[in-house]
Amino acid sequence: MVEALRWNEDSLILIDQRELPLVEKYFSVKTIQDCYDAIEKMVVRGAPLIGFTALWGMVLWAKDNPTGNFEQFLEQAEYLKQSRPTAVNLEFELNRSITKAEAFTQLHGNLVGFDSELERFAKSEMDQIYSDNLSMAKMALDDLDKIVNKPTYRLMTLCNTGMLACGPMGTALGVISYAFSKGRVEHVYASETRPYLQGARLTAFELQQQDIPFEISVEGACSYLMKQGLVDAIFVGADRIAANGDSANKIGTSTLAIVAKHYGIPFYVVAPTSSFDLNANSGDDIPIEMRSEDEILSFRNQRVAPLGARAINPSFDITEHMFIEGIICEKGIIKYPMSTNMVEKLKGSCYAK
Ligand code: MRU
């Protein structure tokens, strides 16, 4: 099994997701600059893992700068926040490291020894992922059994939400793995995810490693597959969930959701609470990353569009809450009315507004 992220005491080792599945190559993060590059260039990707990578980046900085002060720490964290704009998990983990650094400085007058504290915190956060993902998966399968109730399911997903994106197990793909482990998955449609092919490269890789039966489909096939009655439910992840339930996820997600509603197929979002942004009232407040047009105009450095053609490359879109059957996080399932339900589920946690 490849490991998406490994802490090596003086560096962070990432599997280079740009090269998967054909080449297994590792990328070593030793500095804040390496960390920024790994996130921005998508060596590492997927909302939760982007957040954890940034957290480990701050641990590295604290280790390398034992006499650094809070203002310098803050400056580095703010810099890392710029590496990718949509996944709120990045901001979330960095804000938590900032809060800790501030409290440590207030108590000790400086950051001497803070590196060990932040390292312990990052490790404990990583230790928590598996149980959070497992509880989301169990809730998802229970809900599906209430709504669709079949012995086995044909499931569709988009992008990659497995261990490569989220740490052990995964979110939406974690639901699929868990359901498969219980003998409840008949087939999976993995949307290829144009233009970066996270579905065709990474989800297919993870499904294959677990022997889960699947086919890759182009996003344009989703309506056809749903109309043919081949899809019982759809599970996707999220990069940022607004207070009204609108959810940002990989470009093409909203198309799946709208078509699913048309055919009466339940569409679920599965994401940890670190993907919630209660400061965003709706999807309109969520920043959408625009990536380079080269990802569309060329494929593996081979030009495919005519010279002079331009392309537009929004990396995410917003699925409006009315198309979502439920948002599943480790604190429960959020259903209608989503805004009140969300406040209720997040009450008392550090995520509450
Ligand atoms: O551009 P990416 O590959 O980082 O986008 C990832 C996704 O959109 C995932 O579906 C999302 O982060 C949700 S959970 C991993």
Side-chain angles (χ1 to χ4, degrees), residues 4-5 14-21 37-54 83-93 129 132-133 136-137 140 155-177 190-206 219 234-242 246-257 267-277 283 286-292 295-296 313-319 324 327-330:
L5 175 158
L14 299 169
I15 182 112
D16 191 336
Q17 299 196 30
R18 298 168 303 181
E19 305 284 341
L20 285 175
D37 290 344
I39 296 171
E40 196 222 0
K41 299 192 165 79
M42 292 174 70
V43 170
V44 62
R45 28 90 23 225
L49 228 65
I50 290 173
F52 290 125
T53 300
S83 53
R84 283 193 81 188
T86 303
V88 73
N89 315 59
L90 175 65
E91 241 171 272
F92 176 81
E93 298 297 349
I129 307 173
D132 284 353
N133 287 347
M136 289 190 252
L155 305 172
M156 180 178 269
T157 190
L158 178 82
C159 198
N160 171 263
T161 59
M163 63 88 183
L164 290 169
C166 311
M169 196 165 176
T171 53
L173 199 54
V175 173
I176 292 172
S177 305
S191 300
E192 69 164 354
T193 320
R194 286 286 300 149
Y196 211 73
L197 306 186
Q198 290 94 328
R201 295 188 299 110
L202 308 175
T203 298
F205 173 70
E206 290 196 44
E219 273 87 270
I234 301 176
F235 289 94
V236 300
D239 288 77
R240 195 182 291 238
I241 299 168
D246 289 356
S247 301
N249 193 50
K250 184 51 59 194
I251 191 76
T253 303
S254 67
T255 319
L256 288 189
F267 177 94
Y268 290 94
V269 171
V270 188
T273 38
S274 55
S275 302
F276 288 70
D277 178 4
I286 297 180
I288 298 293
E289 176 180 11
M290 298 299 287
R291 291 190 62 84
S292 163
E295 288 177 359
I296 293 175
N313 190 10
S315 195
F316 299 94
D317 63 17
I318 306 292
T319 300
I324 301 173
I327 300 176
I328 302 160
C329 67
E330 72 275 19

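Whatever order the structure lists them in is the order used to number ligands and atoms, beginning at 1.
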Problem - Close-contact set for ligand 1 against Q198 heavy atoms, below 4.0 Å - result: 1 (O), 2 (P), 3 (O)
Handout entry: ligand 1 N/O within reach of G237 N/O, cut-off under 3.5 Å
Key = no
Problem - Region of P48 engaging ligand 1 - heavy atom pairs below 4.0 Å - result: side chain
Exercise for the section: Any atoms of ligand 1 less than 4.0 Å from a non-hydrogen atom of F316? List them with their elements. Expected result: 1 (O), 5 (O), 8 (O)
Fill in the blank from the handout: The atoms of ligand 1 lying under 4.0 Å from a heavy atom of C166, numbered in the order shown, are 15 (C)
Exercise for the section: Using atom types as modelled and distance alone, determine if a side-chain donor or acceptor of T157 lies under 3.5 Å from a backbone N or O of A190. Expected result: no
Completion exercise
Within the 4.0 Å heavy-atom cut-off, what K250 brings close to ligand 1 is both
Handout entry: Polar side-chain atom of T193 near backbone of C159 as donor-acceptor pair, under 3.5 Å
Key = yes
Completion exercise
The closest protein heavy-atom partner of atom 14 (S) of ligand 1 is T161 CG2, 3.7 Å
Exercise for the section: With heavy atoms of M42 as the reference, note each atom of ligand 1 found under 4.0 Å away. Expected result: 1 (O), 3 (O)
Problem - Check: R291 side chain, N313 main-chain N or O, donor-acceptor pair, under 3.5 Å - result: no
Practice task
Would you mind checking which non-hydrogen protein atom is closest to atom 11 (C) of ligand 1, with the distance to 0.1 Å?
Solution key: D239 OD1, 3.0 Å
Handout entry: side chain to side chain donor-acceptor pair (under 3.5 Å) evaluation trace for N160 with R45
Key = CA-CA 9 Å; N160 171 263; R45 28 90 23 225; 3.0 Å; yes
Handout entry: Trace of the salt bridge (Lys or Arg N to Asp or Glu O under 4.0 Å) decision for E91 with R240
Key = CA-CA 11 Å; E91 241 171 272; R240 195 182 291 238; 3.2 Å; yes
Fill in the blank from the handout: closest protein heavy atom to atom 13 (C) of ligand 1 is A238 N, 3.2 Å
Problem - Closest protein heavy atom to atom 12 (O) of ligand 1, given as residue, atom name and distance to 0.1 Å - result: A47 N, 2.9 Å
Practice task
Using a 4.0 Å heavy-atom threshold (strictly under), name the region of L49 that reaches ligand 1: side chain, backbone, both or neither.
Solution key: neither
Handout entry: Heavy-atom gap V270 to ligand 1 smaller than 4.0 Å
Key = no
Handout entry: Contacting atoms of ligand 1, where contact means under 4.0 angstrom from a heavy atom of R84
Key = 1 (O), 2 (P), 4 (O)
Exercise for the section: Answer yes or no: is there an ion pair linking R194 with E219, defined by an N-O contact shorter than 4.0 Å? Expected result: no
Handout entry: Donor-acceptor under 3.5 Å (D317 side chain, S254 main chain)
Key = yes
Exercise for the section: Please write down residue, atom name and distance for the protein heavy atom closest to atom 10 (O) of ligand 1. Expected result: N249 OD1, 2.8 Å
Fill in the blank from the handout: Taking only non-hydrogen atoms of A165 and a 4.0 Å limit, the atoms of ligand 1 in range are 15 (C)
Exercise for the section: With side chain to side chain donor-acceptor pair (under 3.5 Å) as the test, would you mind laying out the steps for T86 and D239 before giving the verdict? Expected result: CA-CA 6 Å; T86 303; D239 288 77; over 6 Å; no
Handout entry: Expected output: side-chain E295 to main-chain Y196 donor-acceptor under 3.5 Å
Key = no
Exercise for the section: Please name all residues satisfying ring-ring contact (aromatic ring centres under 6.0 Å, His included) with F316, sequence neighbours left out, ordered by chain then number. Expected result: none
